[in-house]
Novice: 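My structure is below; once you've seen it, I'll send some questions.
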Number of protein chains: 2
Amino acid sequence: MDHRIPDASDLGHLIRDARKAQGLTQDELAGMTGTGRRFISELENGKETSQLGKVLLVLGALGIALYALSKWK
Amino acid sequence: MDHRIPDASDLGHLIRDARKAQGLTQDELAGMTGTGRRFISELENGKETSQLGKVLLVLGALGIALYALSKWK
DNA sequence: AACAAATGTTCCCCATCGGTAACAAAACAG
DNA sequence: CTGTTTTGTTACCGATGGGGAACATTTGTT
């Protein structure tokens, strides 16, 4: 299924749902992505200042692909 | 058109292309999003540590919608 | 080639990210 | 209800994001 991501909290919810659907704890996801449990917790709660690269790492680890829809290219 | 965004540099290229297609300078885009020209420059060049919220602001200003494609929900 | 505009890059510097660890509060299982 | 697991939150702290401004470099125009 695909979800529009207008802001950080939408992404957070999506990540939380995907993680739970795969039976992972925040700790495990943090370990898989070389981040910390705190980062995952804050990300899932919609923190605006999470760093892009780490966010993409987490998405990748969860098998979530990101798409940009633009009229320009 | 839609583009897969596997990492920060892909997003950077996409943003640059969209900005140019709309005839905007980095300075103008920075102004529209309340960021700085330096932020835009680094973002377009694929900086991994750009902050999520500001990135989403820039995408919004350019009329680019983000979608997450997951098998889990 | 010459001038202008746009972008890249550096410096100064304050604010804050995020790792680890510890504790509190929730959510669950039996 | 009780013990356990998971998650939220805080403190500590080294590292760095990013704003503004100045300068260097590239790109574009004529």
Side-chain angles (χ1 to χ4, degrees), chain A residues 1 3 5-68 70-73, chain B residues 1 3-66 68 70-73:
Chain A
M1 307 292 105
H3 275 257
I5 313 287
D7 56 48
S9 22
D10 291 284
L11 189 61
H13 288 132
L14 185 80
I15 287 175
R16 166 159 298 166
D17 291 343
R19 174 179 63 76
K20 291 202 164 176
Q22 301 182 36
L24 295 170
T25 67
Q26 292 183 346
D27 228 349
E28 293 169 324
L29 184 54
M32 293 165 59
T33 53
T35 63
R37 193 170 67 73
R38 169 167 163 201
F39 174 78
I40 303 291
S41 175
E42 292 179 330
L43 171 60
E44 288 187 350
N45 285 303
K47 192 175 194 179
E48 302 269 351
T49 52
S50 303
Q51 295 187 356
L52 178 62
K54 300 188 185 202
V55 173
L56 294 177
L57 268 181
V58 171
L59 288 173
L62 290 172
I64 301 176
L66 258 201
Y67 285 87
S70 127
K71 343 172 188 156
W72 304 100
K73 189 188 174 183
Chain B
M1 306 292 105
H3 275 256
R4 212 171 105 66
I5 312 288
D7 55 50
S9 24
D10 291 284
L11 188 61
H13 288 132
L14 184 80
I15 287 176
R16 168 159 298 167
D17 291 342
R19 175 179 61 79
K20 292 203 164 178
Q22 301 183 36
L24 296 170
T25 68
Q26 291 184 345
D27 229 347
E28 293 169 324
L29 183 54
M32 294 165 58
T33 53
T35 64
R37 194 171 66 74
R38 168 169 163 204
F39 174 78
I40 303 291
S41 174
E42 293 178 332
L43 172 59
E44 288 188 349
N45 284 303
K47 192 175 193 179
E48 303 268 351
T49 53
S50 302
Q51 296 187 356
L52 179 61
K54 299 188 185 206
V55 173
L56 294 177
L57 269 181
V58 170
L59 289 173
L62 290 172
I64 300 176
L66 257 199
S70 129
K71 339 172 189 155
W72 304 100
K73 188 189 176 187

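Note on naming: letters A, B, ... go to the chains in the order of the sequence lines (proteins, then strands), and numbering restarts at 1 for each one.
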Novice: Verify whether one side chain among B/Q51 and A/Q51 offers a donor that lies under 3.5 Å from an acceptor in the other.
Specialist: no
Novice: How many Å lie between CZ on B/R37 and P on D/dG20, as a whole number?
Specialist: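 For the pair B/R37 CZ and D/dG20 P, the rounded distance is 11 Å.
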Novice: Rounded to whole Å, please give me the gap between CG in A/L52 and P in C/dG18.
Specialist: 11 Å
Novice: In whole angstroms, how far is the C1' atom of D/dT9 from the CD1 atom of A/I40?
Specialist: 16 Å
Novice: Return the minimal non-hydrogen interatomic distance between B/Q22 and B/L62, and the atom names on each side.
Specialist: NE2-O, 2.9 Å
Novice: Rounded off to whole Å, could you give me the CG-to-P distance for the B/L57 and D/dG17 pair?
Specialist: 19 Å
Novice: Which pair of non-hydrogen atoms, one from B/G46 and one from B/A8, has the smallest distance, and what is that distance?
Specialist: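 Reported closest heavy-atom pair: O-CB, 3.5 Å.
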Novice: Closest-nucleotide mapping onto DNA chain C: is B/Q51 or B/D27 further toward the 5' terminus? I mean the 5' end.
Specialist: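 That would be B/D27.
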Novice: Is there side-chain contact between A/L24 and A/M32, with heavy atoms separated by less than 4.5 Å?
Specialist: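 With C-beta onward as the side chain, the pair touches.
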Novice: Figure out the CZ/P separation between B/R38 and D/dC23, and round it to whole Å.
Specialist: 17 Å
Novice: Could you check whether A/D27 and A/T25, counting side-chain N and O atoms only, form a donor-acceptor pair closer than 3.5 Å?
Specialist: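 No donor-acceptor contact under 3.5 Å links the two side chains.
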Novice: Could you give the NZ-to-P distance, from B/K47 to C/dG8, as a whole number of Å?
Specialist: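 These atoms are roughly 13 Å apart.
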Novice: Classify the nucleic acid contact of B/E42 as base, sugar-phosphate or nothing, counting any heavy atom under 4.0 Å across all strands shown.
Specialist: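 If one applies the 4.0 Å heavy-atom cut-off, B/E42 turns out to touch nothing in the nucleic acid.
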Novice: Is the shortest side-chain N/O distance from A/S41 to OP1 or OP2 of D/dG8 below 4.0 Å?
Specialist: yes
Novice: Using a cut-off of less than 4.0 Å, is there contact between a side-chain N or O of B/T49 and OP1 or OP2 of D/dT16?
Specialist: no
Novice: Would you say a side-chain N or O of B/R16 is under 4.0 Å from OP1 or OP2 of C/dG8?
Specialist: yes
Novice: When the distance from CZ of A/F39 to C1' of C/dT20 is rounded to whole Å, what number comes out?
Specialist: 16 Å
Novice: I'd like a table of atom pairs between the protein and nucleotides 28-30 of chain D - only N or O on both sides, under 3.5 Å - with the distance next to each one.
Specialist:
none

Novice: Mind calculating the distance between CG (B/N45) and P (C/dT9) to the nearest angstrom?
Specialist: 6 Å
Novice: Check this one for me: any side-chain N or O of B/Q26 less than 4.0 Å away from OP1 or OP2 of C/dG8?
Specialist: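 Checking C/dG8 against B/Q26, a side-chain N or O does come within under 4.0 Å of OP1 or OP2.
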Novice: With the side chain counted from C-beta on, respond yes when A/R16 and A/N45 share a heavy-atom pair under 4.5 Å apart, and no when they do not.
Specialist: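 Of all side-chain heavy-atom pairs linking A/N45 with A/R16, at least one is under 4.5 Å.
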Novice: Identify the heavy atoms of A/F39 and A/V58 that sit nearest to each other, and give their distance.
Specialist: CE2-CG2, 4.2 Å
